[in-house]
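Since the structure comes first, as structure tokens, the remarks are kept for the end.
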Number of protein chains: 2
Amino acid sequence: MSRTIERKDDRRSRRSRKMLADAFVELVGERGLDGFSITDLTELANVNRGTFYGHFSSKEDLLEYCESEFLNGISELEERIAQVPVTELGTEETDSFVHSVFVEIFTFVEEHEALLTALLGPKGDISFEHRIIDTVCTTLIDKILNEQYRVNRTPLVDYYVGYYSSAILGVVLMWLNNESRETPEEMATILVGIASLSLGDPIVL
Amino acid sequence: MSRTIERKDDRRSRRSRKMLADAFVELVGERGLDGFSITDLTELANVNRGTFYGHFSSKEDLLEYCESEFLNGISELEERIAQVPVTELGTEETDSFVHSVFVEIFTFVEEHEALLTALLGPKGDISFEHRIIDTVCTTLIDKILNEQYRVNRTPLVDYYVGYYSSAILGVVLMWLNNESRETPEEMATILVGIASLSLGDPIVL
DNA sequence: GTAACTGTTCAACAAAGTGTTGGTTAACAC
DNA sequence: GTGTTAACCAACACTTTGTTGAACAGTTAC
């Protein structure tokens, strides 16, 4: 059943939870979300199957646990993003600030590479992608958007926010799935370049 | 096992396949990809469980079948998209042409609403999203992009294409998940408006 | 140190789903 | 109308699931 599990706080408990979460990310990355059984998971984690049920009610519960852990870590990033002076973009000064924020974002993503490639990979969890988009959208709306748009919400404004959130996440995902990987600095430069264009502009560095 | 199934072409066969595909879309939409068993599926489809295995080797095989059916239908759209004069965007004439192509895209999406909301919804198939992005990217690269970028591929060009593909698909998904739904015409107007902006430009209709 | 907790382990269980089979019935194509 | 073939049905061994109770062992508090 999907009852809520109270997470124990004992060195043994933390150890078991970590073993399970690590094995989970590994298996999702290799076989996808429903490409393995709980039995497979506990064997890889070197944890008794009964122990799994002591911590999590189901695979979905463990998934939720992993995703929440990640999303909680985003809040620091959000504060930095909130400082971007969107209305004054285009000057050399603001662009270099945006660049530094993008570097932070890509660095953060790189640090969570295993989890992200697994959960956002070809057999990952589509709702995790939605949650990330929602988080980014909310951040953009609450912290960056001009007062006038925030108060006077129209479909256009919402789609505008969704448009850029999806675009940026899309680039991040392309980057993650690319084995010959650019550095966070290179990606920030690329992204600043692309975002300053509008559709149809010539592509130049 | 995942051996290939030769699809029979008999009135009875086509009927069974359709019943199974329809029930599949319905169940994926309601409970997500692994929220139901094959037994559930065949009961809803009013088809014997053995019949399922006569047509499909697994749930994933049926999923692949549904996705392919949809992706094959995109080719007409691709030809229209290929006619967009990207290098000359910005004029009133070209913008109205782009508008009409967007209307076609949103209309096409609306016609496949059930399948798309199910497979791209919160418990859908993330790899389907990737396949659509890939298809759109390939179309953009092969047909729209200037000769100079097509030949002289750089990471920037690839990310550029991915950026816009993700952005547009993101807007389409927002639209699908929005119950108070704009018309395809309204969406085309919105999208043309957004795409002509660059990040930081004031939002105006 | 030692005693009281409490998480882990192990074996066992019924229940459900899976993938396959062989025999029967009925719809289809020609 | 007749041969073909898909759908149906019951049964099968097998795997996974979620739960249980008792024994064991790491942790915490005194």
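Just so we're on the same page: letters track the sequence lines, and every chain starts at 1. Owing to the predicted nature of the structure, the values given are computational and were not obtained by experimental measurement.
We find that CZ of A:F56 is positioned 10 Å from P of C:dT8, with the value rounded to whole Å. Remark: P of C:dG7 and CZ of A:F52 are 17 Å apart, rounded to the nearest angstrom. Rounded to an integer number of Å, the gap from A:Y53 OH to C:dC10 P is 17 Å.
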Legend entry - Derivation and outcome, side-chain contact (heavy atoms from CB on, under 4.5 Å), residues A:T51 and A:T42: CA-CA 8 Å; A:T51 302; A:T42 53; over 6 Å; no
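Both tests pass for B:K59 against the ring of B:F36: distance under 6.0 Å to the centre and angle within 45° of the axis.
Between B:S13 and D:dA6 there is no side-chain polar atom (N or O) within less than 4.0 angstrom of OP1 or OP2. Proximity of B:H55 to the phosphate of D:dA6: no side-chain N or O atom is located under 4.0 Å from OP1 or OP2. At least one side-chain nitrogen or oxygen of A:S16 sits closer than 4.0 Å to the OP1 or OP2 atom of C:dT8.
Remark: B:L41 CG to B:L62 CG distance equals 6.5 Å, nearest 0.5 Å.
Remark: B:N46, B:V47, B:N48, B:R49 in residues 30-50 of chain B come within less than 4.0 Å of DNA chain D through at least one heavy atom.
For the side chain to side chain contact (heavy atoms under 4.5 Å, CB included) with B:Y149, the lone residue among B:D158, B:I141, B:V157, B:T154 that qualifies is B:V157.
B:R31 has a carboxylate O that lies under 4.0 Å from a charged side-chain N of B:D40, or vice versa, which qualifies the two as a salt bridge. Between B:D10 and B:R14 no salt bridge is recorded (no basic side-chain N to carboxylate O distance below 4.0 Å). Ion pairing between A:R181 and A:E113 holds under the 4.0 Å rule for side-chain N and carboxylate O.
For the helix from C:dA14-D:dT17 to C:dC30-D:dG1, the rotation axes defined at the first and last 5 base pairs enclose an angle of 30°, given to the nearest 10°.
Ring geometry for B:F70 against B:H112 counts as perpendicular: the plane angle is over 60°, on a 0 to 90° scale with 30° as the lower cut. The aromatic rings of B:F106 and B:W175 lie perpendicular to each other, with more than 60° between the two planes, well past the 30° mark. Taking the six-membered ring where tryptophan is involved, the planes of B:Y160 and B:Y164 are perpendicular, since the angle between them exceeds 60° and thus also 30°.
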Every protein N/O lying under 3.5 Å from an N/O of nucleotides 22-30 of chain C:
{"unit_1": "C:dA27", "atom_1": "N3", "unit_2": "B:R12", "atom_2": "NH1", "d": "3.1"}

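Here the side chain of A:N177 pairs a donor or acceptor atom with the backbone of A:L173 at under 3.5 angstrom.
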